[in-house]
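Structure record follows, encoded as structure tokens.
For this chain, numbers begin at 1 and follow the sequence in order.
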Amino acid sequence: MVLSKALRLYGKDNMKIDEVSLPEIKDDEILAEVMSDSMCMSSWKLAKEGEEHKKTPNNLKDHPIMVGHEFSGKILKVGSKWQDKFHENEDFVVQPNLARDDTPFVPGYSYPYIGGDATYIIIPNEVMELGCLIPFKGDSYYEGSLCEPVSCVIAAFDAQYHLIPHTYNHKMGIKAGGNMLIVGGTGPMGLLAIDYALHADTKPKRLVVTDIDQAKLDRAKELYPSDEVEVHFVNTKGLSIDEQEKLLNAKVNNEKYDDLFLMISVKPLAEMAGRLMNADACLNQFAGPVDKSFSADLNFYDIHYNFTHVVGTSGGNAENEAKAAKLIAEHKLDVAKVITHVLGLNAAAETTLSQPEIGGGKKLIYTHKKFDRIELAKVDPDSELGKILKKHNGIWSHEAEQWILNNMPDI
């Protein structure tokens, strides 16, 4: 029997760290050790909705679930069914979006023995059957944890589509050499989208990123320079919608936009994005609205005559996760740039419930460790960790991760 310490959800705003006795694995299961988990706003939404969330069972009070779905770790024991494919001491990541027709249940939302905010987990057969357990060849566990968020970005870019000229057939993906707009793009997912737009095989000609926080825009500009793509970071604070629309059009010589991504769910901004669409443009509602009745006006004349279209993406799939794992392991994307806080498992409940108030980028949990949440920008530069951060321009790193794993107390 293995004892695991895990953050579990018992209902709305009811989370706590428990010691959980894991049963012996079955022949079709895998025992694994989680090393890190990056926190998603979806976990905050999960905690706020409790049993009303579509992915949770309806008896959380008596049967709590393990929370967390952006995790990486090491395989410890493999059931006989999977011993020809997976091996002990192999590092892994999980694509939690199992994409099944018969149930919405997924790791991090629905299961008693698998979630990212835990020390040890049992990976059920369906994860392997659906190709969602993926070996990871990267240098650091934090990189593995960020494969899932990157998979969401890859899915969004892949879901964009444009007409093949003079046909009604579509070419999937963003328009090569087009104009791209990311609205509200300096949050962690926006930054990952910028990184992917600049380094994927298919790139836009121009990329415009908006936000209302100049410091965040300045930081994004510093983090993501580009010689290949013309990039503009635009502060829209205090501007009317008409003023924003005029300014954003001017950034692309009034040519409008071919690919647009909404990283926030705000009706006037969604409607503005609709007006900024070029012929055959594709608008992606990336942010998941909390309000189930969220809606915005859309010009159906443009849909008919200008072939504009709208898509929405929610999460990635196993193929996206595998692609993310490869890109990150090959250092084609620098995911460390989105991490702004690190913490031990003991601080996971409070941090999950306080994400909107904390702000910043990704919060990274080291599941075996016990320490309060650390904001990287406020670390004493003369401390051991501060000196490591300074060496890497304030950005998280393999060296910083090793310092945490070697120096922070176990939970």
Side-chain angles (χ1 to χ4, degrees), residues 4 6 22-38 40 42-43 46 53-57 63 65-88 90-118 120-138 141 143-159 172 288 311-329:
S4 176
L22 300 182
E24 288 293 323
I25 64 167
K26 301 173 185 174
D27 289 342
D28 61 357
E29 295 177 332
I30 289 176
L31 175 69
E33 179 180 20
V34 178
M35 297 301 295
S36 68
D37 180 58
S38 62
C40 179
S42 295
S43 293
L46 167 69
H53 196 285
K54 68 178 184 179
K55 295 179 181 179
T56 59
H63 300 282
I65 56 94
M66 287 185 179
V67 177
H69 59 274
E70 299 179 0
F71 57 96
S72 67
K74 189 177 294 292
I75 291 173
L76 298 181
K77 185 178 180 181
V78 182
S80 59
K81 178 178 177 178
W82 297 106
Q83 287 178 357
D84 62 337
K85 188 169 183 181
F86 300 102
H87 310 285
E88 293 180 9
E90 185 175 29
D91 289 340
F92 73 91
V93 296
V94 167
Q95 170 52 260
N97 184 12
L98 302 185
R100 294 178 288 179
D101 293 331
D102 58 336
T103 175
F105 285 5
V106 294
Y109 295 83
S110 320
Y111 286 83
Y113 301 127
I114 180 172
D117 298 342
Y120 301 97
I121 58 173
I122 294 175
I123 306 175
N125 178 63
E126 52 265 35
V127 173
M128 284 74 79
E129 287 282 3
L130 295 165
C132 291
L133 179 62
I134 298 164
F136 182 63
K137 307 299 184 183
Y141 290 111
E143 294 176 315
S145 288
L146 287 159
C147 288
E148 195 280 336
V150 171
S151 82
C152 298
V153 170
I154 292 172
F157 277 57
D158 287 354
M172 301 304 296
V311 299
T313 50
S314 179
N317 59 26
E319 181 182 353
N320 304 141
E321 184 93 6
K323 184 175 182 179
K326 186 173 186 293
L327 288 170
I328 292 169

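In this structure, T56 OG1 and H63 NE2 are separated by 13.5 Å, a value rounded to the nearest 0.5 Å. To the nearest 0.5 Å, atoms NE2 (H87) and CZ (F92) are separated by 15.0 Å. Atom SG in C147 sits 9.5 Å away from atom CG in L327 (nearest 0.5 Å). To the nearest 0.5 Å, the span separating CZ on F105 from CZ on R100 amounts to 9.0 Å. The line from OG of S72 to CD of E148 is 12.0 Å long, rounded to the nearest 0.5 Å. Here the straight-line distance linking atom OG of S80 with atom CG of D27 works out to 3.5 Å at 0.5 Å rounding.
Side-chain contact check for K77 versus Q83: every heavy-atom pair is 4.5 Å or farther apart. Y141 places a side-chain heavy atom less than 4.5 Å from the side chain of D91. Between C132 and E321, the closest side-chain pair of non-hydrogen atoms is not below 4.5 Å. With contacts defined as side-chain heavy-atom distances shorter than 4.5 Å, the pair N125/W82 qualifies. Side-chain contact between I114 and F71 is present, with heavy atoms from C-beta onward closer than 4.5 Å. When side chains are defined from C-beta on, K55 does not count as touching L46, because their heavy atoms never get closer than 4.5 Å.
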Legend entry - Working for side chain to side chain contact (heavy atoms under 4.5 Å, CB included), residues Y111 and I122: CA-CA 10 Å; Y111 286 83; I122 294 175; over 6 Å; no

Inset, instruction - Show your reasoning for whether side chain to side chain contact (heavy atoms under 4.5 Å, CB included) applies to I30 and M128. - result: CA-CA 9 Å; I30 289 176; M128 284 74 79; 4.0 Å; yes

Inset, instruction - Please step through side chain to side chain contact (heavy atoms under 4.5 Å, CB included) for the pair L76 and Y120, ending with a clear verdict. - result: CA-CA 9 Å; L76 298 181; Y120 301 97; 3.7 Å; yes

Inset, instruction - In sequence, state the C-alpha distance, the side-chain angles, and the governing distance for Y109 and S42, and then conclude on side chain to side chain contact (heavy atoms under 4.5 Å, CB included). - result: CA-CA 10 Å; Y109 295 83; S42 295; 3.1 Å; yes

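Look at K85 and E90 and you find no salt bridge, because none of the NZ, NE, NH1 or NH2 atoms lies under 4.0 Å from a carboxylate O.
Nearest heavy atoms, A324 versus V150: CB-CG1, 3.6 Å. Across all non-hydrogen atoms, the minimal contact from P107 to P96 is CD-O, 3.4 Å. Nearest approach of S151 to Q95, heavy atoms of both residues: OG-NE2, 3.1 Å. Here the shortest heavy-atom pairing between I123 and A32 reads CD1-CB, 3.9 Å. Between M66 and A118, the shortest heavy-atom contact is SD-CB, 3.9 Å. When all heavy atoms of V106 and N97 are compared, the pair lying nearest together is CG1-CA, 4.4 Å.
Within a 6.0 Å sphere centred on NZ of K326, heavy atoms belonging to other residues, nucleotides or ligands number 12 at most. Within a 6.0 Å sphere centred on CG of D102, heavy atoms belonging to other residues, nucleotides or ligands number more than 12. More than 12 heavy atoms of other shown residues, nucleotides or ligands fall within 6.0 angstrom of atom CD in E126.
Between the side chain of D37 and the backbone N or O of E70, at least one donor-acceptor pair lies under 3.5 Å.
Considering L146, I134, L133 in turn, I134 is the only one that fulfils the side chain to side chain contact (heavy atoms under 4.5 Å, CB included) rule with V93.
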